[in-house]
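A quick write-up on the structure given underneath.
Below, read A as the first sequence line, B as the second, and so on, with proteins coming before strands; counting in each chain starts at 1.
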Amino acid sequence: MTLALAVDIGLTLLVLAVACWTLAVRDTFTSVIGFVAYGLLLALIWVRLAAPDVALTEAAMGSGLTGLLLLGAAARLQNAKNISAPPGLALRWVAGVLCALVSAGLAAMVLLLPDPAPTLAPAVVAHLPATGLGNPVTGVLLAYRAIDTLLEAVVLLPALLGVWSLAADRDWGGAPRLRYHRPDGALTLLAQVLPPFGIIVGIYLCWNGADQPGGAFQGGAVLAAMWALILTAGLAEAPPVSRRWLRWLLVAGSAVFLVIGLAGIGFADAFLAYPAGYAKPLILTIELVLTLSIAVALGLLIAGPPTRTPS
Amino acid sequence: MSIALGLFTIFAVVAGAFFFLAGTVGLLRFPDPLTRLHALTKADNLGLGLVVIGLLPQVAWPLGAIKLIAIWLIVLFAATTVSQLMARAARDGGPPV
Amino acid sequence: MTIPDLLLAAAVFVLATVALGMVRILRGPAAADRMMAAQLFGTGGIAALLLLGVATEANAVLDVALVLALLAAFASVAFVQGASHPDGDDSKETHSE
Amino acid sequence: MMQDPSNLLVLALVLPVAGLLLALVVGGRYAGRIALWLMPVGLAIAVMLVVSVIRADDALVYDLGGWMPPLGVALRADGLSAIFILTTVAVIGATGIFARTEFRTLPGQPETRTSLTFWALLLALWGALNLVFLSNDLFSLFVALELLTFSAIPLVCLDGRAGTLAAGLRYLLFALFGSVLYLLGAVLLYGAYGTLDIGLLSGLVRPEPVAWGAAALMTVGLMAKTALFPLHFWLPPAHAGAPAAASAVLSALVIKASLFLIVRLWFDAMPALMNPTAAQVLATLGAAAILFGSVLALRQARLKLLIAYSTVAQIGYLFLIFPLIVRPESGSFAAADLYTELAATVVSTSAWSGGVLQAVSHAFAKAAMFMAAGLIAQSLGHDRIADLSSIGRALPITVLAFALAGMSLMGLPPSGGFAAKWLLLTATIETGQWWWALVILGGGLLTGGYLFRVLAPALFGSRQSVTLRAPVARYREVVVLALALCSVLLGFVRLGAFDLVQIGRLAKAGMGLP
Amino acid sequence: MISTTTLFGLSSVILVGLGLFGLIVNPQPLRKILAFNLLGSGVFLLFGVIARRGAGAGLNSDPVPQALVITGLVVAFAATALAVALLLRLFQETGQAITLDTEDPSIHAPARSNDP
């Protein structure tokens, strides 16, 4: 047995143990800690699967931002009584057997997957020079399957509108309030020191994404986390949702993407195509604006609906 | 030269790993939250610190080294903040989770 | 034993100790204890990641660790805050220090 | 650039998305105006699309970014997509006019919560639906489904009461469960065949375990989103507290999107898997939905819930088309001799047309019914069926619209629902599957039963006068009537028009269809 | 000897099973949201394994599934944010108790009229 395999087996056992524990533990708050730890382990597994771009996203989004969101919710719900009865033993057994069957069936399919596996890697590599990019994943995201990325940026907007729509009518146009903790010296210090690092890292990830692992979503997620930290510590206030500049920031990424995509019909013969030779600068432009918009959207998703009545 | 650097890496990483073990044992065996905190903070920061120092010769200079040190500083800083908050929580006898 | 092998072995070792520390998350008893274990988990995870990445010469791993360090720091703080002030609405806040 | 009709596909997609971005930026009372102004443009695009598809007599295909599948993503509009896009814009447009004053910001007033979110989300919903009908890539379709979910749920719980929020949360959990299963299936297909493009998959998928597993997972996931029995629990509560306009698009369009995908999946992406057993299983669930939903609708005390359970039932009819296209005795398509192949032509055409006509006429009828119920609830202050006596006298147009839509739902001639059920019945007789004919007829009787419960007192109630708490704007009643009339008039459309359904059917070569 | 991809592939399907179980069995909405995330991560992991199996042309992993997983993670985050916001609002509305039971009596109450 090689050492690398030992690492993989160790990781597998650990991740399964944490997952079981997250589901089994009684207290919700503790369960969320389990989930954050689980996300960290997943990032390690993504590294082992030679997918650093995904590992970055998992670290930033899957474990980081999702963990924050769930931690905040669990903290607020600690006094909530759950009045729905837990399912009976029979249902548990039925569900358990069903899920075990699903797992077993899927496991059989995993073992039955064709070998050698079908892959698009050669096609991606063959066309990458046309995009001027060095990172094949960014090539897929911003060139070959740009529509998915455009829609993914757009998807954040209805989700955010959905969150905002949960405000009370009188609070519409007001600001969300993330600061639900008492002011604390240590937290304030953290919120003063960490964000400069984080902002550099976020911009670096976005900029680096064209050629190295990274990109708009990873960079945006880090920026969003730093913004949320500042808001949590009470060093700044979230802007009122009615602000015009905020709305512009939110849609800027998708709008720029859409405009460049539409320009492609005229200048490159297809929607979302880039004119030859201009692919890389256009992609970088899109990524930069997208990073900003994504950071704002993610930050506001964490901040929740407006709760302050506008003055 | 590279042999010396290699030995340095080996030594530092092994020492770092040892501190992780020490921290874990302290976390498991010490009797109350504050002593456990003591074991934890000393050990895991030193542990990570030694690992980082050990890895310095193995990464690209200078960007890799800067990143390594930044990682250590961030973790160190966060751990300091968190342990202060935790100590306070432990002293106030925060609600058992 | 080459240096990459040793780094991998160290990664396995750190992961194992971290896993051992999970017992403390299970047992508690106070929120702070679970918290400390989670903190150790984060630091150990980052250390293991660094060791793995350098051993397999995956440069991007440093970026992953950097992001992880930044967000783990925040998550730990959010956790301590949430755990020690469960009913976290600052409208009812009474500062008692 | 407009000479190329395939640009219409991009326009149909970009228009609502651009509208969403614009509405969000300018906000206030302009959000509603933007939505309402874009709708006629969308209608024009949809009509042009239908005309182009008919003229081309083949599907229109657009490779986004100039990248061909499997690397790139293609949009594809066949006859089926064109019909659904046209239906979508018609229902969304009617919904927009119906909701015009309900969700407006008065001049000089600051933007209100509902006036921004309703219009922006309606545009997002429209864009998501168009993408579902156009995309030819399983992953883009996943994103489209999520976009649809995120827009539909806030619309449903716009009123913010606890019951509505709980219903919205349950709906969200069901929808997410559905999309994860769908994604899992897509992942397996990629693992086995290395592409997510529906056109390429249709030639690659073999009846083997991985493909079966993927098909099962995706179908179950999409069934949860379509609210097919027995995964329908979330639907009626979601309707209970939703604004009438949101209910209309939810029942008429949103749940049809996932149904559309089930059809795409079985007939276009994996035709090799479509065998009589699978078809019978799907149809059995459909039949159970018809009976179960109808019986529950009979027992409801509230008008909105009655209509919601009616949706559960009507969705069932759409699943009956599977065994009517895949005949039980032939076993496989390829092995049919010349004679049976000819028979298959006739049968499948009427089953296809019947299914599509049922989906479209149900969309119009159900939108009309939910809006009518909304108007009744608004003017009476409640929607208890027991107290609807003589409401026909106070709101004649609304009740007439409800009755016309009900006629289509029951399948009374000459409505669109009648034509649809007639085609389905024809298909059952021709394929010798009389038991499905019984289900269709029984479902029609039950539908008549629960609609009679509403219409009899409403039209012939003995109460002398009904006092309305709030007047109902005439134009809203006209919108409802127009939708109901659409549903009825579909019955007069020349059946040949539904040959459009057959244009660009991917699998026709492989299945021996025309 | 078992390969890395098989190992992670098998653990991903176990995660899917666990997530499904949690989603069905756990009555608390927040735990259901958590289970959904677990389920989603299992699916993504399976996709990552498929990507790794498709290594070729000088790449250690097929980039197409990787890109799709990144998209999927963002979408899953948006879903979680919406679900959490709904849940917190529900908690605010109902005071202390949260339920998602189908037999919620309030849905059978007459709709609130929206006249002024």
- prompt: After noting the C-alpha distance and the side-chain angles of C:Leu7 and B:Val13, does the key distance pass the side chain to side chain contact (heavy atoms under 4.5 Å, CB included) rule?
  reply: CA-CA 8 Å; C:Leu7 295 183; B:Val13 166; 3.9 Å; yes

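- Atom CZ of B:Phe77 sits in a crowded spot, with more than 12 heavy atoms from other residues, nucleotides or ligands closer than 6.0 Å.
- Contact count against chain C (heavy-atom pairs under 4.5 Å) is highest for B:Leu55 among B:Leu55, B:Val25, B:Val75, B:Val59.
- Using a 4.5 Å cut-off between heavy atoms, B:Val52 touches chain C through its side chain atoms alone.
- No part of C:Leu68 comes within reach of chain B, as not one of its non-hydrogen atoms sits under 4.5 angstrom from that chain.
- Separation of atoms CG (C:Leu15) and CZ (B:Phe20) is listed at 10.0 Å; rounding is to 0.5 Å.
- For the atom pair CG of C:Leu50 and NZ of B:Lys67, the computed distance is 11.5 Å after rounding to the nearest 0.5 Å.
- Residues C:Ile46 and B:Ile71 are in side-chain contact: their nearest non-hydrogen atoms beyond the backbone lie under 4.5 Å apart.
- Here the shortest heavy-atom pairing between B:Phe18 and C:Phe13 reads N-CE2, 4.4 Å.
- With a 4.5 angstrom heavy-atom cutoff, B:Phe19 does not touch chain C via any of its atoms.
- Chain C forms the most heavy-atom pairs under 4.5 Å with one residue out of B:Thr9, B:Leu21, B:Leu63, and that residue is B:Leu21.
- Atom CG in C:Leu66 sits 11.5 Å away from atom CD1 in B:Ile66 (nearest 0.5 Å).
- When heavy atoms are compared at a cutoff of 4.5 Å, B:Leu68 approaches chain C solely by way of its side chain, counted from C-beta outward.
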